[in-house]
Colleague: 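Following this message is one structure expressed as structure tokens.
Throughout, a chain's letter reflects where its sequence line sits, starting with A, and its residues are numbered from 1.
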Amino acid sequence: MAAFIVRRLVQSIIVMLAVAFVSFSLFTYVGDPINNMVGQETTMEQREELRERLGLNDPFPVQFARFIGNAIQGEFGISYRMARPVEQIIAERLPATLELAFVSAVFALVVGIGLGIYTALGRESVAGRLVLSAAFVATAALFSWIGAAIVAAVMLAVTFLYRGKWVGSTIMSLSLIGVSLPTFLIGILLIYVFAVELGWLPSFGRGEVVSIGGWTTGFLTPSGLQALILPGITLGLFQLTLIMRLVRSEMLEVLRTDYIKFARARGLTNRAINFGHALKNTLVPVITITGLQLGSIIAFAIITETVFQWPGVGLLFIIAVQFVDIPVMSAYLMMIAFVFVVINLVVDLLYYAVDPRLRVERAGGGGH
Amino acid sequence: MKLKAVLLGTAMAVTGLTMAAPADAQDVIRWASASDALTLDPHSQNEGPTSQMLIQMYDYLIERDIGLAKRPALATSWVAIDEDTWELELRQGVTFHNGAPFMANDAVFSLNRAMTEPSDFRNYLSSVTSVEAVDDYTIHIHTDGPNPILPDWLTGIFIMDEEWAIENGVETAQDFAEGEENFAVRNANGTGPFRLESRQPDVQTVLVRNETYWGADAFPNEVDTIIYTPVASAATRVAALLSGEVDFISDPPTQDLGRLDADPGIDVVDVNQIRTIFFGMNVAADDLENDTVDGANPFQDIRVREALYRAINIDAIQQVVMRGLSVPAGMITSPGVNGYATDLDERLPFDQDGARALLAEAGYPDGFGITLHCPNDRYVNDEAICTAAAGMLGQIGIDVNLISQPRSIHFAELQQGIQDFYMLGWGVPTYDSEYVFNFLYHTPDGNRGSWNFTGFSNPDVDANIVAMGSEVDLAARDAIIRATWEMVIPEYAYIPLHHQIISWAMRDGFVIPIRANDQVLFKYATFE
């Protein structure tokens with residue numbers, strides 16, 4: 001057991017170091033932060049001197065080592081843009097992102113499972129078919145977004161290799177549009193309908209927030225709750241379609257099994273069979289997937305937060321990229337990597353606890 | 001339907017609640033723009049949105065009115081008492097937001113702070129050798145030789161309280177390399193028309209009227225509370241204005257202006273900005289890295305430069321790319337800047353045949369290839385302008401390879417000197433042509449000419465620039481400025497494109513005069 005945990009921990013650390021290395025080396029290509037920090041009158045010598053003071057002239061390994069050393073102590077330096085310690089800014093912004101992620105996860109789970117059951121049970125009805133086709137279109141749209149993201153990543157690499165070529169930068173702009181379009185469009189559409197035309201819900205921001213010991217929450221005020229609705233739906237829609245289709249297919253699978261047939265033969269009510277037996281057995285993979293998706297919700301919040309001016313870490317990251325605020329960018333990437341690594345580690349450990357086969361194999365290879 | 005009613009009811013209840021919270025909802029202005037101030041330290045960042053926020057709370061010694069003319073603020077008069085000394089009489093009876101009186105020592109302290117590392121305003125006061133308090137309400141500013149436009153530079157330096165700064169350990173501006181936050185980043189204590197009520201950077205900043213403001217009777221001062229929210233996404237910002245969640249946006253996107261203007265509840269105002277957009281060409285190098293001509297630099301030949309100039313159809317750019325929101329330019333300085341003249345601002349006509357003939361005469365009958373570098377997030381429609389220009393140059397045989405990049409990369413490359421044909425825009429904070437000459441036309445010598453990437457160098461022009469820096473007779477100085485413009489414009493080291501136009505959008509009933517420097521002054525705002 002101990003050896004297994006240690007091995008997993010070591011692997012996690014290696015992953016974190018790799019992420020740190022990749023993200024840190026990317027920053028060499030995002031441009032010069034000095035320009036955004038000083039006025040146009042600043043002389044060359046003053047620019048050079050600021051660059052020297054910030055340590056931007058040091059060789060890459062020195063800068064990287066310094067970054068790792070500080071990161072281990074939880075220090076990510078001072079934001080070039082806001083002149084405040086990065087860890088402080090992130091701590092201030094994290095509650096907004098986590099609350100939004102929570103709301104959209106709950107929305108995706110409740111509506112997704114509900115619609116999944118509905119489409120599984122009522123698969124012959126017209127309404128069921130309609131919901132299913134709508135979900136298919138939504139998934140296709142959202143998946144094409146992921147496809148575009150992969151294309152964008154490749155293009156990003158190409159653009160870096162052939163930096164400065166006209167074609168490269170055009171493709172980069174195009175792929176960027178591809179990456180942000182669907183979520184962006186859904187958000188703008190919701191704003192247009194519910195904020196501009198109907199005037200029911202706010203178009204941006206968190207509304208009024210209450211601060212409880214450093215944690216700001218929008219759950220306790222009417223305007224805070226209202227402000228959560230549109231971004232929550234926008235962010236949760238992808239997970240919703242995913243969960244719905246998962247529940248539906250699992251449910252259809254389970255409904256064909258012998259014990260369901262047996263239950264029917266015993267004369268149990270439909271309600272008891274569908275919800276007491278079928279659904280319960282469907283939920284195990286759903287819970288696993290949802291847990292893993294929580295990390296993506298936090299990471300994908302970037303676009304939703306930008307559209308709704310949601311003051312979370314995603315928006316912080318986007319603005320940091322535009323400003324070449326390297327300390328904030330690196331801290332954010334490390335944080336997201338950390339979230340994924342921790343979730344995966346916990347899942348691994350849970351599987352180890354749940355699945356006895358893992359223990360047997362490990363014991364066999366352990367060597368006494 | 002029932003759900004709809006419930007939602008509507010809740011929405012109305014909440015709107016009622018937020019509207020009722022301030023003392024008088026009429027006088028509250030909810031303002032949004034793309035980016036928040038970087039810091040509240042008055043001397044740390046020389047950056048548009050930062051000064052924009054600070055100007056509501058801090059005063060200058062000399063300020064600019066709506067028409068950008070100088071007017072007394074914390075200084076009531078300024079005279080040059082000898083060749084290198086300016087004497088400023090200070091306003092009496094002014095207090096800072098914390099109640100401390102404003103005196104000469106505060107002015108001296110603030111100017112010194114702005115001159116000291118790591119302030120971002122050091123260049124504004126580079127000619128100043130020392131500042132001294134003569135008595136409680138008089139200061140002398142000593143310069144290294146005559147400086148006729150020092151009062152213009154002073155319209156950029158905010159004044160803070162010396163005692164407050166010392167008490168809070170902020171005797172110098174925020175230093176990024178320090179690794180810690182300085183007290184002045186999130187706190188403010190000025191003498192301005194508004195005081196800071198609360199601030200969450202990037203989320204919300206609330207300012208309330210300073211009841212003891214010295215200019216209470218000099219300006220309308222009708223705004224009671226300003227609630228500022230940065231909204232980064234342009235579409236969301238427009239939606240917030242349309243839905244009535246904000247009252248005023250100071251940077252509406254060009255493509256939405258028509259829509260906003262058509263809305264009966266929204267007013268759009270615009271004015272020429274003090275910023276000219278142009279292309280620069282490397283005229284000095286013997287060979288260019290970015291062209292297809294080997295062993296020669298086509299830009300060295302003035303006929304080639306003129307050909308490129310004549311090939312640009314600026315009216316098409318103005319109508320199609322800028323949707324009418326630009327003023328074609330013939331010089332790199334805008335109306336409102338000392339030295340601007342309408343006859344100098346005349347462009348060479350758009351003339352493709354003439355351009356082709358000039359190219360042929362210069363020995364490039366088939367044209368040549370050249371790389372054009374452009375920013376894509378700095379000026380209004382910058383990338384689209386370059387794309388249009390590339391097409392126009394293509395028609396006379398100039399094969400343009402366009403590279404448009406974020407400003408962080410564009411300006412870094414520009415300063416490394418690896419761009420030979422580039423887009424740049426230039427604003428003039430002193431409202432005087434000397435600033436333009438100094439940065440864009442003087443031979444680069446480490447001090448002057450720091451944004452002259454064309455390599456343009458003319459000893460007579462350099463001599464004129466030095467002369468206008470110390471000529472105290474303003475009429476003679478204006479004559480030098482005029483003569484210098486007449487020398488540099490026909491050299492075509494730069495191809496001027498247009499002066500930008502800025503627009504503000506606000507809800508009906510709120511009136512705020514727009515200023516050519518794009519800076520909002522809420523003390524001038526009125527309600528109808």
Side-chain angles (χ1 to χ4, degrees), chain A residues 29-47 50 53-55 75 77-78 80-85 88-89 92 164-166 169 173 188 191-192 195-196 199-208 222-223 226 306-309 311 315-316 318-319 322-324, chain B residues 7-8 10-11 13-14 17-18 35 38-39 41 44-47 118 120-124 174-182 185-186 200-204 229-233 235-236 239-240 242-245 376-377 401-409 411-412 415 439 446-447 450-451:
Chain A
Y29 300 99
V30 291
D32 187 351
I34 302 295
N35 262 303
N36 289 325
M37 298 168 71
V38 298
Q40 63 186 16
E41 296 88 4
T42 314
T43 62
M44 288 300 166
E45 290 89 80
Q46 287 170 344
R47 284 165 201 271
L50 180 60
R53 266 194 297 148
L54 289 173
E75 279 172 27
I78 188 160
Y80 295 163
R81 189 171 69 89
M82 300 167 80
R84 300 177 49 210
Q88 224 181 68
I89 303 174
E92 268 174 31
K165 290 287 178 282
W166 183 79
S169 43
S173 334
I188 287 294
I191 290 177
Y192 181 74
V196 178
W200 292 353
L201 296 167
S203 55
F204 72 91
R206 278 186 90 187
E208 261 180 84
S223 69
Q226 273 193 323
T306 310
V307 173
F308 290 95
Q309 190 62 31
L315 182 63
L316 179 74
I318 283 286
I319 297 177
Q322 286 162 357
F323 198 88
V324 199
Chain B
L7 273 175
L8 195 62
T10 329
V14 171
L17 199 73
T18 44
S35 35
L38 300 175
T39 165
D41 188 314
S44 171
Q45 288 282 323
N46 182 8
E47 187 245 15
D120 204 11
F121 289 88
R122 279 172 287 169
N123 300 79
Y124 278 39
Q174 165 78 35
D175 188 348
F176 286 95
E178 279 291 301
E180 60 189 39
E181 182 178 347
N182 131 357
V185 169
R186 273 192 292 175
Q200 292 167 273
D202 273 352
V203 180
Q204 194 181 63
T229 319
V231 179
S233 155
T236 311
L242 288 170
S243 65
E245 286 164 86
N376 58 17
D377 58 355
N401 171 30
L402 175 61
I403 299 182
S404 39
Q405 304 176 106
R407 61 184 160 195
S408 52
I409 297 175
F411 291 115
Q415 276 162 349
F439 285 100
N447 181 21
S450 56
W451 282 77

Colleague: Less than 4.5 Å to any heavy atom of chain A: does that hold for the side chain of B:P201, its backbone, both, or neither?
Modeller: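 Contact with chain A involves both backbone and side-chain atoms of B:P201.
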Colleague: Could you tell me which portion of B:V185 (side chain, backbone, both or neither) has an atom closer than 4.5 angstrom to a non-hydrogen atom of chain A?
Modeller: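 For B:V185, the contact with chain A is made by the side chain alone.
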Colleague: Can you say whether A:E75 sits under 4.5 Å from chain B via the side chain, the backbone, both, or neither, judging by heavy atoms?
Modeller: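 Answer is neither: A:E75 stays 4.5 Å or more from chain B.
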Colleague: Among B:T229, B:V203, B:D202, single out the residue with the greatest number of heavy-atom pairs under 4.5 Å to chain A.
Modeller: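 Looking at each of B:T229, B:V203, B:D202 in turn, B:D202 comes out on top.
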Colleague: Counting N and O atoms only, with roles assigned by atom type, does the side chain of A:Q309 sit under 3.5 Å from a partner on the main chain of B:T236, one being a donor and the other an acceptor?
Modeller: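 A pair under 3.5 Å: no.
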Colleague: Say you draw a straight line from CZ of A:R81 to CD of B:Q45; how long is it, rounded to the nearest 0.5 Å?
Modeller: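 Those atoms lie 10.5 Å apart.
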Colleague: Please determine, among A:T306, A:V307, A:I191, A:I188, the option with the most heavy-atom pairs under 4.5 Å with chain B.
Modeller: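 Going by pairs under 4.5 Å, I would pick A:V307.
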Colleague: Please name the pair of heavy atoms, one in A:L201 and one in B:E245, separated by the smallest distance, quoted to 0.1 Å.
Modeller: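 Shortest heavy-atom contact: O-OE2, 4.4 Å.
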Colleague: Does any part of the side chain of B:R186, heavy atoms only, come nearer than 4.5 Å to the side chain of A:R84, both counted from C-beta?
Modeller: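 Yes - at least one pair of side-chain heavy atoms lies under 4.5 Å apart.
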Colleague: Would you name the heavy atoms of B:S243 and A:A195 that are closest together and state the gap between them?
Modeller: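 For B:S243 versus A:A195, the nearest heavy atoms are CB-O, 3.2 Å.
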Colleague: Could you measure the distance from the OG atom of B:S233 to the CD1 atom of A:I318? Nearest 0.5 Å is fine.
Modeller: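 Atom-to-atom, B:S233:OG and A:I318:CD1 are 11.0 Å apart.
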